[in-house]
There are 2 protein chains.
Amino acid sequence: MTEGQDRRELILSTAAELFAQRGLHATTVRQIGDAVGLFSGSLYYYFPSKDAILDELLTRYLDAIRVRYATVLAADKRPAETLHDLVVTSLEVAQEHPHAQAIYQNEGQFMREMPGFEQVQTAAADVQQTWLRVIEAGAADGSFRRDIPPRVFYRLIRDAVWLSVRWHRPDGPYPTRRLAEDITSILLDGFAARDAGDRPPDDPVSREAHLLP
Amino acid sequence: MTEGQDRRELILSTAAELFAQRGLHATTVRQIGDAVGLFSGSLYYYFPSKDAILDELLTRYLDAIRVRYATVLAADKRPAETLHDLVVTSLEVAQEHPHAQAIYQNEGQFMREMPGFEQVQTAAADVQQTWLRVIEAGAADGSFRRDIPPRVFYRLIRDAVWLSVRWHRPDGPYPTRRLAEDITSILLDGFAARDAGDRPPDDPVSREAHLLP
DNA sequence: GTCTATACATCGATAGAC
DNA sequence: GTCTATCGATGTATAGAC
């Protein structure tokens, strides 16, 4: 790891923070330079353009998420457990790439039209397919409701997980693991109160089934 | 309603569409002018600045939502029903102001720092308080779970509702009313399948309780 | 009311000294 | 590798003719 690589990483992470905080178009290369302690022109020694910084940022994040999703799927658990693991994994990756997640969330529409970001688009389609297949498997084996379109449930759980980066502080009193359990618990079992023992013990998705030991 | 007012409305709605589609900073006043069939300079006969267009757009939307929320609260129903009505109302207002909702979602971070948008900020705080009070009332009277922080549930349901404008097409085969019922049903009762009759009939939030007749 | 023309700032990016 | 200096494009907004 040479010193030049460190600078490159610093530019990358600083730009990510600014893009996420103030928006992609509202962030100028001069602001990035100021934040890393370089003049804007010097950035072009490391990156050919502002868009190249964005592209590398998102590609890294989406690659990371695909690798982690593949591990979850390889465990070959039942749909409800797989869904729970996808939530946990997504929150973990978001914690490792906090800004990239927000950038993709906020600037997604822009990148769908932008040429040169096809790689980002196909990676995003992969992610969607992963979620959808698990949800459809659960509908097929009877562990999930069939009266809700899989795409609708996919949107709800994906938005809940992905948007949590906007308000959740991983280092606060409400840890990421607890958030993952609460999201899974609400979306699978519901928020309405119910008496203990009102569900059959052999229920495939009892409230504790998807809590880690 | 003079002809000038019509033009003003056209500029407002056109700008809203562009802001929502391509992003606030990615939209130029020239593009707005082109879209309404005016030269960019002529826009300044109707509005003092680009930001003034944005401000009026969001203020109208947030005012509309506050009026409608007040009506829902005035009905003074039980928490679960009120929550359901807030979901329906939010989706209806989003349908009437489809672009403003998206703009606020996407550009919210920017406006929290921007001076001159204090009115937008206080209106947004009002909206949040409305949801939170209903959720807390439900936790207090025992109809909602107490093991989930109200703020967490608030974020989940708000994000689910507000982000649906990104993917839901009100004029498609999946109508807005159905979406409202499905969101309420999942978030209150859960997505996991369960046998009929596994819940007591006097359950305050049985699956059909918050379905309109 | 709308257009033509343009002021003025700021943007991303480049060239060349050091 | 970083800086100085600056180019050309583009952004918001204005001035004045019509």
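Hydrogens, waters and symmetry mates play no part in the numbers below; they use all other heavy atoms, side chains included. Letters A, B, ... are given to chains in the order of the sequence lines, protein chains preceding strands, and every chain is numbered from 1.
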Problem - Interatomic distance where NE2 belongs to A:His25 and C1' belongs to C:dC11 [whole Å] - result: 12 Å

Practice task
Flag the pair B:His25 / B:Phe110 as yes when their ring centroid distance falls below 6.0 Å, and as no otherwise.
Solution key: yes

Completion exercise
With the side chain defined as heavy atoms from C-beta on, A:Thr28 is closest, among D:dT2, C:dG12, C:dT2, to C:dG12

Problem - A:Ser49 and A:Asp51 side chains, donor-acceptor separation under 3.5 Å - result: no

Completion exercise
note: A:Leu18, atom CG; C:dC11, atom P; distance rounded to Å ~ 13 Å

Exercise for the section: For A:Tyr44 and C:dG12, give me the distance from atom OH to atom P, rounded to whole Å. Expected result: 6 Å

Exercise for the section: Check whether any side-chain nitrogen or oxygen of A:Tyr45 sits under 4.0 Å from OP1 or OP2 of D:dG1, and answer yes or no. Expected result: yes

Problem - Cationic N near anionic O, under 4.0 Å, B:Arg133 to B:Glu136 - result: no

Practice task
Among C:dA13, C:dT2, D:dT4, find the nucleotide with the atom closest to the side chain of A:Ser40.
Solution key: C:dA13

Practice task
Could you check which of D:dT12, C:dC3, D:dC3 has an atom nearest any side-chain atom of B:Val29?
Solution key: D:dT12

Completion exercise
In whole angstroms, the gap separating P of C:dG1 from CZ of B:Arg8 amounts to 13 Å

Problem - Residue whose closest nucleotide on DNA chain C lies nearer the 5' end, A:Gln31 versus A:Gly41 - result: A:Gln31

Handout entry: Whole-Å gap separating P (C:dT14) and CG (A:Leu43)
Key = 13 Å

Practice task
Provide, to the nearest angstrom, the distance between the CD1 atom belonging to A:Ile32 and the C1' atom belonging to C:dA13.
Solution key: 13 Å

Handout entry: Closest listed nucleotide, where the reference is the side chain of A:Ser49 and the choices are C:dT2, C:dT4, C:dA13
Key = C:dA13

Completion exercise
A:Asp6 CG to D:dT2 P, in whole Å, measures 11 Å

Problem - Salt-bridge present (B:Arg66, B:Asp63; N to O < 4.0 Å) - result: yes

Practice task
Would you mind checking if A:Arg78 and A:Glu81 are paired as a salt bridge, meaning a charged N to carboxylate O distance below 4.0 Å?
Solution key: yes

Exercise for the section: Answer yes or no: does a side-chain N or O of B:Ser42 lie under 4.0 Å from OP1 or OP2 of C:dG1? Expected result: no

Practice task
Hey, which sits more toward the 5' end of DNA chain D by its nearest nucleotide, A:Gly37 or A:Arg30?
Solution key: A:Gly37

Practice task
Round to a whole Å and report the spacing from NZ of B:Lys50 to P of C:dT10.
Solution key: 15 Å

